[in-house]
Every structure is written in C-alpha cells, then in structure tokens.
Amino acid sequence: MHVKKIAITTGGGDAPGLNGVIRAVTLAATKRGWECVGIREGFDGMLHSEQFEDGGIVALTPNSVRGIAHTGGTILGTTNRGNPFSYKVTNADGSVETQDISDRLVDGFAAHKIDALIAIGGDGTMDIACQVAKLGIKVIGVPKTIDNDLDGTVATFGFDTAVSYATDAIGRLHSTASSHNRVMIVEVMGRYAGWIALEAGLAGSADVILIPEIPFDITKVVEKIERRNRNNRRFSIISIAEGAMPIGGEASYKETGGVKNLGGVADRVADTLRPVVENQVRTVVLGHLLRGGSPTSRDRLLSLRFGAAAVRALEDGCVDVMVGLDPPTVRYIPLQQATERMKTVPLDCDMILTARDLGTCLGD
Ligand code: F6P
C-alpha cells in the first residue's frame with residue numbers, strides 16, 4: 001500500500017503505554033519516509049478543530065516524541081465522549097442529543113491528505129475504528145486498556161502496570177490489617193472483567209477475590225473471615241473488582257454531576273460485613289491511581305511492539321485489523337472480530353484454579 005501520511009488517535013480512558021505506542025508509530029513511520037500527525041483528544045481535534053489552539057492536528061516527529069515512552073497518560077489527550085457516530089451535542093435550550101458527525105472525519109482526512117489512521121484504544125475505540133473503516137478510511141487498531149478485557153490479544157498494555165500497582169497496594173495493607181485485626185477491602189478497576197482483581201489479589205496474597213465473572217455469596221466471604229479469625233489470622237484482605245456483584249444483584253454505581261460511573265462495591269460489601277463480623281472493616285479504592293504513573297517495562301515493551309507492528313501492517317497493505325499479542329509474536333486480527341466479544345476471566349483458567357488450590361475465597 002502506498003502511504004505518505006498517517007494519523008494517530010488515542011481514545012477512551014488513558015492507560016500507561018499510550019505514549020510508547022505514539023513514539024514507536026512516529027519513529028517507524030518516519031523511518032519509512034511517511035509523515036505522521038496526532039489528532040488531539042480522541043477525534044475532537046478533527047471534529048472540532050476550531051476549539052484547539054493548534055488546530056487539533058499536530059505534527060509528530062522524532063523530536064516531538066523524544067523521551068515519552070516511560071511517561072503515563074497520552075501526549076495527545078483523550079476523551080471517552082467523542083464518538084463521531086453518536087456525538088453528544090447540547091442544544092440552545094440545554095437539551096442534549098446525539099448526532100452522527102462522522103462525515104467531518106471523512107472531510108478532515110481528505111483535507112489533511114491522511115492515508116490511514118492508527119486508533120489506539122479499548123473496546124469503545126475499536127468499535128468506532130470498525131465504523132470508521134466502513135467509511136473508507138484505512139484503519140489499524142492498537143488495543144489498550146488496564147482492564148485487559150479486549151479479545152484478540154493475550155494482553156493489552158497498561159494492564160501490567162495496573163496489576164503491579166494494585167499488588168503493591170494489597171501488599172502494603174497486610175501489615176496495617178494485621179496490626180488492627182481488620183478486614184481491608186481493596187476495590188480495583190475492572191468493569192466487566194476481573195483480571196486486575198484476580199491477578200493482583202493472587203500476587204498480593206488476598207484472602208478473598210471477588211470478580212464480575214463470579215457473582216458472590218456474601219455468606220462465603222463471612223465464613224472465610226471467621227475461619228481465619230478462629231485460626232488466629234485475625235485479619236483478612238479482600239481484592240474486589242468494581243464490577244463485582246452479589247448473586248442475583250447488580251453492579252454498584254455512583255452518580256456524580258448527573259453521570260453514573262461504576263464504583264462503591266467495596267463500601268457496599270463493607271456495610272454488609274460490619275454487622276456480622278467481629279473485625280473492623282475498612283475500604284480502599286484504588287480507582288484512577290491504577291491508570292496513572294510510568295508504565296512497567298513489560299507495558300513499555302508491549303506498547304513499542306504494538307506501535308511498530310501497526311506501521312508494518314500498513315506497509316504490508318494489511319488494513320482494518322487490530323494488532324494483538326500472540327506470544328512470542330504479534331499478529332493481526334480483523335477489527336470486526338476484535339470487537340465481537342469481551343475477554344473475561346474463564347472460570348476454568350489456571351489462575352482461578354490456582355486461587356482455589358490456595359484456599360482463596362472467590363465468593364462462591
Ligand atoms: O476501561 C477502563 C476503566 O478503567 C474501567 O475499569 C473504569 O470503569 C473506567 O475506565 C473509568 O473510566 P473514566 O472514569 O475515565 O470514565
């Protein structure tokens with residue numbers, strides 16, 4: 001495929017490693033003599049260029065991406081509200097409606113003479129990428145999410161950093177929990193998939209791990225805590241994914257400024273435990289701390305590999321695919337296929353079996 005100019009966008013929630021992809025794509029593209037630009041804040045830089053001081057489209061050069069691979073966040077900015085196919089528009093009377101403004105993308109790509117798009121993001125961004133491809137724009141998807149719930153790749157970058165941080169946090173709680181004979185509940189991100197809660201819980205020796213894939217029975221959790229108390233382990237640590245829910249119940253949400261976000265399950269479990277266990281119960285919500293900071297070496301490597309592989313795909317004329325990790329290599333899967341299902345924790349996977357063998361309570 002003849003490529004002269006490509007654009008990069010980062011969409012959805014940020015994850016450590018985004019800047020590594022931007023650097024790798026820019027360097028690999030420059031090496032091939034291609035021009036590279038970044039679209040600010042998802043697609044907003046192109047959809048609403050007038051709102052950006054620099055016009056919303058910025059040149060990416062080896063100079064401008066120097067020294068960023070180890071940094072968190074994204075130098076391009078991101079948004080989880082900028083879907084061009086259902087863009088939220090506030091009318092003069094304050095009412096909000098969604099509009100399909102994707103034709104602005106087509107016009108923008110033509111005006112800037114951009115040959116292809118590298119879309120870095122999670123499930124939402126891959127869905128959008130799929131629709132963008134249908135508009136005739138050549139797209140390569142690069143999977144990102146700390147939740148690790150994208151199908152078609154063994155891992156997404158950002159996940160390892162999140163697990164490392166959560167493991168460290170759980171590790172730190174052991175001494176304070178033990179000193180006070182407390183139950184400490186650590187809530188981590190993980191909307192539909194419990195990968196972070198499970199891996200950090202296992203690595204951090206949590207006594208109870210609760211994930212969305214296994215709706216929990218609170219009596220099993222109480223039994224585990226009481227058993228530990230009787231065995232003179234008078235503290236317990238619970239690692240819980242924000243999307244976890246009791247059997248027959250719903251996930252917990254918090255409303256802030258009219259927007260409902262997942263959150264609050266740790267407090268909900270704490271409220272249920274307090275009247276029935278003798279221990280004091282405390283909660284810690286790691287939330288966005290898991291998305292911040294410098295990527296681990298594993299995530300830096302993954303982001304650089306994904307970025308370079310995305311450029312190789314374009315060079316080879318392989319478009320409308322998502323880059324995925326398939327150790328020891330990186331492969332390409334059709335974008336459509338990548339968005340078909342979510343990668344949740346299989347209930348028979350080795351990690352679940354390991355947790356059970358170690359006597360960790362999974363709430364069932
Ligand atoms: O998709 C990753 C994720 O971290 C989810 O686990 C979480 O629910 C969500 O992003 C929160 O994102 P934000 O607060 O940016 O909307």
Side-chain angles (χ1 to χ4, degrees), residues 9-18 21 40-44 72-74 76-83 86-88 119-129 141-153 155-167 169 185-201 209-213 239-245 250-268 283-293 295-296 299 302-303 322 338-339 341-345:
T9 176
T10 52
D14 69 331
L18 284 168
V21 183
R40 290 234 184 259
E41 298 181 17
F43 290 106
D44 279 3
T74 158
L76 294 175
T78 185
T79 174
N80 49 16
R81 295 192 188 167
N83 184 344
S86 57
Y87 203 90
K88 283 206 173 77
I120 318 169
D123 54 338
T125 305
M126 291 309 129
D127 270 338
I128 296 170
V142 176
K144 156 254 57 163
T145 160
I146 67 161
D147 289 359
N148 197 34
D149 57 5
L150 266 175
D151 202 26
T153 181
T156 49
F157 62 84
F159 172 62
D160 187 61
T161 309
V163 171
S164 303
Y165 189 88
T167 303
I185 310 178
V186 188
E187 180 176 316
V188 298
M189 282 190 171
R191 203 181 319 177
Y192 308 112
W195 294 106
I196 300 176
L198 177 61
E199 293 205 9
I209 299 175
L210 303 176
I211 59 176
E213 293 85 343
S239 169
I240 186 165
E242 61 183 356
M245 66 203 82
E250 307 249 307
S252 309
Y253 285 87
K254 278 187 172 165
E255 202 170 318
T256 335
V259 181
K260 259 176 92 184
N261 283 316
L262 264 182
V265 70
D267 281 334
R268 220 170 118 195
T283 59
V284 176
V285 180
L286 295 182
H288 294 81
L289 287 169
L290 296 169
R291 296 221 307 237
T296 58
D299 278 340
L302 196 54
S303 65
M322 186 188 84
T339 57
R341 58 171 212 131
M342 196 141 269
K343 188 180 70 190
T344 51
V345 177

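Since we're looking at a predicted model, the values are computed, not measured. Remember, it's 1-based here, ligands and their atoms both numbered in the order they're listed.
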J.: Taking non-hydrogen atoms only, is Asn80 closer than 4.0 angstrom to ligand 1 via side chain, backbone, both or neither?
T.: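 For Asn80, only side-chain atoms sit under 4.0 Å from ligand 1.
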
J.: Which residue owns the protein heavy atom closest to atom 4 (O) of ligand 1, what's the atom, and how far is it?
T.: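 Closest protein heavy atom to atom 4 (O) of ligand 1: Met189 SD, 2.7 Å.
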
J.: Between atom CD of Glu187 and atom CD1 of Ile240, what is the distance when rounded to the nearest 0.5 Å?
T.: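 The CD1 atom of Ile240 is 7.0 Å from CD of Glu187, to the nearest 0.5 Å.
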
J.: Indicate yes or no: does an N/O atom of Asn261 lie under 3.5 Å from an N/O atom of ligand 1?
T.: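 No, since none of the N or O atoms of Asn261 sits under 3.5 Å from an N or O of ligand 1.
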
J.: Identify the protein heavy atom lying closest to atom 2 (C) of ligand 1, giving its residue, its atom name and the separation to 0.1 Å.
T.: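 The answer is Asp147 OD2, 3.5 Å.
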
J.: Any side-chain heavy atom of Trp195 sitting closer than 4.5 Å to one from Thr145?
T.: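 Side-chain contact under 4.5 Å: no.
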
J.: Does Glu250 form a side-chain contact (heavy atoms from CB on, under 4.5 Å) with Met245? I'd like the steps, not just the answer.
T.: CA-CA 6 Å; Glu250 307 249 307; Met245 66 203 82; 5.8 Å; no

J.: When you check the side-chain N and O atoms of Thr283 and Asp267, is any donor under 3.5 Å from an acceptor?
T.: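 Result is yes, a qualifying pair exists.
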
J.: If hydrogens are left out, which of Glu242, Lys144, Arg81, Arg291 has an atom nearest to atom 7 (C) of ligand 1, that is, the closest non-hydrogen atom?
T.: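 That would be Glu242.
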
J.: Counting only nitrogen or oxygen atoms and a 3.5 angstrom limit, does His288 reach ligand 1?
T.: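 Indeed, backbone or side chain, His288 has an N or O that close.
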
J.: Is a side-chain N or O of Glu242 found less than 3.5 angstrom from the main chain of Val188, in a donor-acceptor match?
T.: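 Answer holds: no.
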
J.: OG1/Thr339 to CE/Met126 distance, rounded to the nearest 0.5 angstrom?
T.: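 The OG1 atom of Thr339 sits 9.5 Å away from the CE atom of Met126.
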
J.: At less than 4.0 angstrom from any non-hydrogen atom of Gly190, what atoms of ligand 1 do you find?
T.: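 Result: 6 (O).
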
J.: Check if Gly122 has a non-hydrogen atom at a distance under 4.0 Å from any atom of ligand 1.
T.: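 Heavy atoms of Gly122 never come under 4.0 Å of ligand 1.
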
J.: Only one of Asn148, Val142, Asp149, Leu302 clears side chain to side chain contact (heavy atoms under 4.5 Å, CB included) with Thr156; which?
T.: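 It is Asn148, the one option of Asn148, Val142, Asp149, Leu302 that forms the side chain to side chain contact (heavy atoms under 4.5 Å, CB included) with Thr156.
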
J.: For atom 1 (O) of ligand 1, what's the nearest protein heavy-atom neighbour? Residue, atom name and distance, please.
T.: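 Protein heavy atom at minimum distance: Arg191 NH2, 3.1 Å.
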
